[in-house]
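Take a look at the structure below.
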Amino acid sequence: MNAAAQTPVNLNGQRSNVIVSTSPATGRKLGEVPVTPLDALPAIMATARSAQKAWFEAGLAFRLEVLRRWQDSLRRNFDRIVGMVVAEQGRPPFEALSEFFSCIDLFAYYRRTAAHTLAAKRQFVLLAPHHQHWTVRQPYGVALIITPWNFPLILSIAPIAAALVTGNAVIFKPSEYSTQVGELLARTVRESGIPEGVFQIVHGTGEVGAALIAQQPDKICFTGSTATGRKIAATAGERLIPITLELGAKDAAIVLEDADLDRTAHGIVWGSLFNAGQACLSIERIYVARAIAEPLMQRMAAVIEKFINVGAGESPEITMGVLTTEAQLKIVEDQVREALASGARLICGGKVLDGLNGRAYAPTILTDLSPEMRLMREETFGPVLAVVPIDSPEEGVQAANALGYGLTGSVWTRDRARGLALMAQLEVGHASLNDHIITASVPQLAWGGVKNSGYGRSRGAEGLIDMTYAKVYSAERFFALPRELFWYPYPSGKYTLLRRFINVYYATTWRERLAALFGR
Ligand code: NAD
């Protein structure tokens with residue numbers, strides 16, 4: 001390959017050696033990073049591989065100490081990091097801070113619980129009681145972590161921390177739209193004194209991500225769109241690389257007639273507009289008991305009117321930011337335009353707002369929708385609330401489950417038992433009652449979806465387990481017998497003995513058991 005062909009593309013589809021980051025809300029340049037050349041990737045993989053063994057062998061206590069120093073470094077730099085999330089994403093400061101809080105809490109949680117989660121588990125084995133058996137969690141080796149731009153802290157820090165704690169080396173590729181935040185994170189990892197080569201950052205677009213997979217990492221943790229996830233899963237399947245996929249969604253809230261209207265309106269507006277709707281788990285479909293659909297929409301519109309202050313910058317008054325990418329804005333505009341052209345009714349919003357670099361979209365409530373509309377089928381990833389009246393809660397559950405996605409879902413009712421019963425029917429990774437995205441960034445709880453929203457889990461104890469494979473040890477308890485029961489030869493007496501044992505041991509009644517013991 002010649003040098004030009006080795007240089008990956010940048011954001012505009014042009015061949016370039018740098019990725020320039022600009023504020024979506026002002027167009028101001030924030031910085032640039034060098035794109036990692038494709039021909040540097042084999043050496044990056046080799047470095048990670050050679051550093052990983054010693055990192056694992058250094059032991060959990062050492063790795064948790066490095067994690068503690070990383071946490072300290074993050075905390076010391078937190079104003080800078082939060083400031084960069086605000087600038088690079090165009091997000092309200094409070095939301096950036098709350099994401100940061102989840103990360104710090106995650107470190108504390110892993111430091112408290114990792115030893116227990118990863119401890120060897122002993123198991124009595126009936127077939128070989130004279131042996132000891134135990135299962136340990138073994139790191140895969142080199143973990144490749146590819147992340148999106150919409151939550152550049154927690155979606156990067158959670159899998160990186162889990163991979164490092166369990167003894168993997170990490171190659172981290174942040175989104176091409178969050179390179180500056182990615183760089184700040186990488187700096188804090190380096191400040192932790194992590195051994196050389198255990199953690200490396202790589203910059204580039206999907207082309208670089210795909211080329212990294214071709215380097216045969218031992219584990220991939222991918223967070224991003226379902227379309228990209230499918231491509232990565234296909235390649236990983238071909239290469240038999242274990243993979244965790246955290247993908248897109250089109251989540252639903254089901255509101256019953258007895259719901260607390262005020263709480264529901266507040267909760268649903270927040271669950272839909274948090275991060276300007278650019279959240280995999282944001283509420284994009286709201287199925288509401290017909291009798292309260294109009295009053296609920298009016299209250300949601302009132303909540304928007306009163307509490308949503310779209311803007312950019314460090315002001316604490318700002319409650320909603322802009323759409324981070326041009327492409328995302330276009331998807332939102334297209335879906336709303338198409339729905340309106342097909343008969344949808346606009347309750348509020350429905351347009352790009354003046355100023356803010358043309359990137360802010362007004363919080364929008366729509367109703368009179370049909371399931372065929374793209375707005376009701378495809379991920380919107382923007383500040384749009386689609387309200388559909390229903391005649392029974394079961395109709396809501398059916399509609400919620402009808403799409404291929406399954407990340408989160410919520411039920412809003414004063415009847416706890418009924419709510420829990422409906423939550424049990426939702427085909428999702430997370431179901432919640434009278435709340436929606438509460439479980440999103442909680443370090444103690446496993447995070448992930450089902451169906452087209454992905455598989456595997458991050459965060460919680462499962463997040464650590466996900467970065468490891470089970471390795472089973474068996475060893476004689478006291479001394480090795482001359483021969484084991486199951487070895488050669490196979491005389492008929494052995495067959496009869498085993499047959500009798502099965503019938504006696506697994507008999508379900510005493511009559512059967514006695515017959516097996518004394519019968520033929
Ligand atoms: P994306 O799929 O476009 O990109 C995600 C990452 O994958 C980026 O780093 C990108 O460079 C890389 N990439 C792209 N093509 C690749 C390829 N062929 N091989 C390897 N890497 C490749 O997603 P995005 O636009 O950055 O993020 C938004 C999407 O992420 C939404 O669909 C959202 O729902 C989803 N998401 C899911 C979760 C979750 O936890 N389930 C969380 C956040 C975002």
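Please read all numbers here as calculations on a predicted model, not as lab measurements. In listed order, ligands and their atoms are each counted from 1.
Judged as a salt bridge (charged side-chain N to carboxylate O under 4.0 Å, His left out), and not counting sequence neighbours, E183 has no contacts. Remark: F101 engages no residue in a ring-ring contact (aromatic ring centres under 6.0 Å, His included) (not counting sequence neighbours). Applying the ring-ring contact (aromatic ring centres under 6.0 Å, His included) test to W70 and every residue at least two apart in sequence or in another chain returns F107.
A distance limit of 4.0 angstrom between heavy atoms and ligand 1 selects the residues I146, T147, P148, W149, N150, L155, K173, P174, S175, E176, T205, G206, G209, A210, F222, T223, G224, S225, T228, I232, E246, L247, G248, C280, E379, F381, L407, W447.
For H436 and W270, the distance between ring centers is not under 6.0 angstrom.
Between atom CZ of residue F199 and atom CD1 of residue I160 there is a gap of 4.5 Å, rounded to the nearest 0.5 Å.
Between the side chains of T380 and Q335, at least one donor-acceptor pair of N or O atoms lies under 3.5 Å.
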